[in-house]
Amino acid sequence: MYSTLSKKKEPFRTVRPGKVGIYLCGPTVYDKAHIGHMVGPVIFDCIKRYLKYCGYDVTWVVNITDVDDKLIHKANERGISMLDVAEENIADYHFNLDALGVDSVDHFPRATECMDEIIAIVETLIEQGFAYASAGDVYFEVSKDAQYGKLSNRSVTEMQGEGGGTADRKRGLADFALWKSAKPGEPAWDSPWGQGRPGWHIECSAMSRKLLGETFDIHGGGLDLVFPHHENEIAQSECCHGKPMVTYWTHNGLLRASSAAGKVGGRAERDSTEPAPGEVASVTGEAPTSATAEEAASGKMSRSKGAGGLAQLIARQGGERIRFFLLRTHYRSTVLFNEPAIEEAGVGLEGFYRLFKRYTRITGKSFYDLTAADKRAAGEFAPAGDAVLTAVATCRKKFITAMDDDFNTGGATGELFELAKIINKHCDEQKLEETGTPAATAVATLEKSLSTLKEMANLLGFFLVAPVQSGGSSDALLGQVMQLVIDLRSESRAKKNFATADTIRDCFGPLGIVLEDRAGGTEWSGGSADTLDGVMQLLIKLRQAARVGKDFVTSDAIRDRLAALGVTLEDRAGGTEWSKS
RNA sequence: GGCGCCGUGGCCAAGUGGCUAAGGCAACGGAUUGCAAAUCCGUCAUCCCCGGUUCGAAUCCGGGCGGCGCCUCCA
């Protein structure tokens, strides 16, 4: 496991045997989350899953900063309370985490709930001479901490800033606030130094101690938090406790807009005035979709990243695609964010969904109901000379090796694809779909292989629940498909092929659809949630009838027109299936 | 200016001293299909440049060139 403190990978060892404490810096909830806020949660969700798989008892804490200057400003701006601003954005944050499959966080402590702990640490730091009160504020005196700068590799003299607006209250310009006195009307808490609120850095020292202890295993956050936030946390906690705060400081890479310098949500993005024309198209080599193209090409993608944008992105792409997009690469590397890249990731994912359907066709069972080993040792198995299972076991081993190497989810993902190919090949070679009753041993191999795939996918948090059929577009699709059926019927009638025309109408009865032939054309009404599939089945039946009658013009027309609507048909031994792209 | 990171095929990306440089997307050829789709098989890179260390480097060192982050709120 890599540590920012030592700048190298170190063997994994825990503070307490068998237990792991993880603290991840969460959001300051003054506004909606953007996709950059999801990188840490997604990777740490994987880390927790993997450590549990390896047998550790893991406690994962993600803090919520719900008191801060930005929150106060936002509340004043909107004329509501700071608490209301926080609640609203916390709800948004949780919605986003859920959508991306991040469900393993144990505690979401809020700064406002930890005032006693915060004040206690500040008091201790003052007693020990590391901090001083000044005009109602309390500052940490950086020069008193000989270790200050060890995380970000800076010396105090290098960091002499201008001290900000409170420079006149500080002994040293690099000193930072532990406690800030309240201005009239601002949210405030009682303290030995008067009414005020905590500084940003101290809350993390307090919350981590409260939930994980004075020394814990892993502390994470974005690379942009190394300085000053984490540097200051170390200073506070280690001076207060006289012992190391964290064994592994873990920092994820930042998301970058594909066509603009600067991280997503960062300063460069806001300041960017020079567009980079044509850049986005060169990233993927394909024409991006309208809205994203404009935003990316102009260098500002705020709508697709900022307020509400993440929820919309999730609505368009689905959480699993976004998660997959984020985990395809190593967590410490910079990721270029653009929507076509997420779509591309989704194409890869669909291969897995098709494999799961294939499994269902063969066995009548669902991949999502398969049981998989949830412990590393339990997943070990002997291939017993079976060539397929031998390949599966090799894949699993490579996957684990990748995860063991600083949680290399990118490398591990490759093995997932490799495994899918092995399984598809097995299905092909054993003709599991063609034969009515496939050999039991071949099916057993299939199930074992898929169970192993599931074991691996679980660690990355993929395929936990079946993807939901697109609900919003289905109504529009139904209308289009119905028009197609009606056209077909009209053609049949025109050709005096009344048998087909009547078949169509007769089949609509059970679906609750009524057809009415009027002067201006045929109208339809009725239908329910299951209608679309019923209509599709009818179309499939009509196409089959045309094929049997060698009427390939009609059968191909049906398929092509459905393709134009984004519906693909797949002919298989057991019948034809349809799916919406 | 200080402290760091990165540069692998058309695109994304793993690999950080040693078998034929994973995997995905795209493309092309083949098997399969009435034609398709799906699936499988195959084709497609010597790793930004220069120099050095080494029996041996994409991987280590030095120097270039190019991109990026932090130093101020930030996942």
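As a basis for the values below, the full set of heavy atoms in this structure was taken, side chains included, without hydrogen atoms, waters or symmetry mates. Chain letters run A, B, ... following the sequence lines, proteins first and then strands; every chain starts at 1.
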Under 3.5 Å between N/O atoms: give me all the protein pairs with nucleotides 42-48 of chain B, atom names plus distance.
none

Select from A/Gly348 and A/Tyr331 the residue whose nearest nucleotide in RNA chain B is closer to the 5' end of that strand.
A/Tyr331
Residue closer to the 5' end of RNA chain B, A/Ala345 versus A/Arg332 (nearest nucleotide):
A/Arg332
Determine the contact category for A/Gly220: base if any of its heavy atoms lies under 4.0 Å from a base atom, sugar-phosphate if only primed atoms, P, OP1 or OP2 are that close, otherwise nothing.
nothing
Residues in ring-ring contact (aromatic ring centres under 6.0 Å, His included) contact with A/Phe140, at least two apart in sequence or another chain:
A/Phe176
What about A/Arg328, does its side chain sit under 3.5 Å from the base of B/G24 through a donor-acceptor pair?
no
Just jot down the salt bridge (charged side-chain N to carboxylate O under 4.0 Å, His left out) partners of A/Glu88, sequence neighbours excluded, or say none.
A/Lys32, A/Arg78
Categorize A/Leu355 for me: base, sugar-phosphate, or nothing, with a 4.0 angstrom heavy-atom threshold over every strand shown.
nothing
I'd like to check the salt bridge (charged side-chain N to carboxylate O under 4.0 Å, His left out) partners of A/Asp98; sequence neighbours left out, ordered by chain and number.
none
Hey, can you pull the residues of residues 406-416 of chain A with a non-hydrogen atom under 4.0 angstrom from RNA chain B?
A/Asn408, A/Gly410, A/Gly411, A/Gly414
Need one value for A/His229: base, sugar-phosphate or nothing, where a base atom within 4.0 Å counts as base even if backbone is also close, heavy atoms only.
nothing
With sugar-phosphate meaning primed atoms plus P, OP1 and OP2, does A/Val347 contact a base, only sugar-phosphate, or nothing at under 4.0 Å between heavy atoms?
sugar-phosphate
Which part of the nucleic acid, if any, lies within reach of A/Leu223 when heavy atoms closer than 4.0 Å are counted: base, sugar-phosphate only, or nothing?
nothing
Test of understanding: with salt bridge (charged side-chain N to carboxylate O under 4.0 Å, His left out), list the residues that count as partners of A/Lys397, not counting sequence neighbours.
none
NA contact type, A/Phe417, heavy-atom cut-off 4.0 Å: base, sugar-phosphate, or nothing?
sugar-phosphate
Within the 4.0 Å heavy-atom criterion, would you say A/Arg543 contacts the bases, only the backbone, or no part of the nucleic acid?
base
Distance between the P atoms of B/U43 and B/G24, in whole angstroms?
14 Å
Please give the distance between the C1' atoms of B/A14 and B/G2 as a whole number of Å.
33 Å
Name the nucleic acid region contacted by A/Gly221, choosing base, sugar-phosphate or nothing; use a 4.0 angstrom heavy-atom cut-off, strictly under.
sugar-phosphate
In whole angstrom, give me the gap between the C1' atoms of B/U20 and B/C44.
16 Å
Taking atom C1' in both B/G23 and B/C55, what distance in whole Å separates the two?
32 Å
For A/Phe12, enumerate each residue passing the ring-ring contact (aromatic ring centres under 6.0 Å, His included) test, keeping only those at least two apart in sequence or located in another chain.
A/Tyr56, A/Tyr248
Under the salt bridge (charged side-chain N to carboxylate O under 4.0 Å, His left out) test, which residues partner A/Lys180, sequence neighbours left out?
A/Asp69
Lys/Arg N to Asp/Glu carboxylate O, A/Asp571 vs A/Arg547, below 4.0 Å:
yes
Nucleotide nearest A/Glu418 when distance is taken to its side chain, options B/A22, B/G69, B/C73:
B/A22
Counting only non-hydrogen atoms, which of residues 556-564 of chain A are less than 4.0 Å from RNA chain B?
A/Asp556, A/Arg559
Say you pick atom P in B/C61 and the same atom in B/G17; how far apart are they, in whole Å?
11 Å
I need the CG-C1' distance between A/Leu151 and B/C71, as an integer number of Å.
14 Å
Sequence neighbours excluded, the answer for side-chain contact (heavy atoms from CB on, under 4.5 Å) partners of A/Val39 is A/Asn252, A/Leu255, A/Leu326
Once hydrogens and angles are ignored, does a donor-acceptor distance under 3.5 Å link the base of B/C40 to the side chain of A/Lys425?
no
Pairs under 3.5 angstrom only: tabulate donor-acceptor contacts from the side chains of residues 418-429 of chain A to other protein residues two or more places apart or in another chain.
unit_1	atom_1	unit_2	atom_2	d
A/Asn424	OD1	A/Arg358	NH1	2.8
A/Asp428	OD1	A/Arg358	NH1	3.4
A/Asp428	OD1	A/Arg358	NH2	2.5

Can a salt bridge be assigned to the pair A/Glu344 and A/Arg328 using a cut-off of 4.0 Å between side-chain N and carboxylate O?
yes
For a quick check under 3.5 Å, do A/Tyr353 and A/Ser579 share a side-chain donor-acceptor pair by atom type?
no
Could you work out, with side-chain contact (heavy atoms from CB on, under 4.5 Å) as the rule, every residue matching A/Thr413, not counting sequence neighbours?
A/Phe324, A/Phe417, A/Leu460
Between B/A13 and B/G9, how far apart are the two C1' atoms, rounded to whole Å?
11 Å
Roughly, in whole Å, what's the span from CZ in A/Arg256 to P in B/C12?
11 Å
Rounded interatomic separation in angstrom, taking CG from A/Asn252 and P from B/C5:
17 Å
Sticking with atom P, work out how far B/G67 lies from B/A27, rounded to a whole angstrom.
32 Å
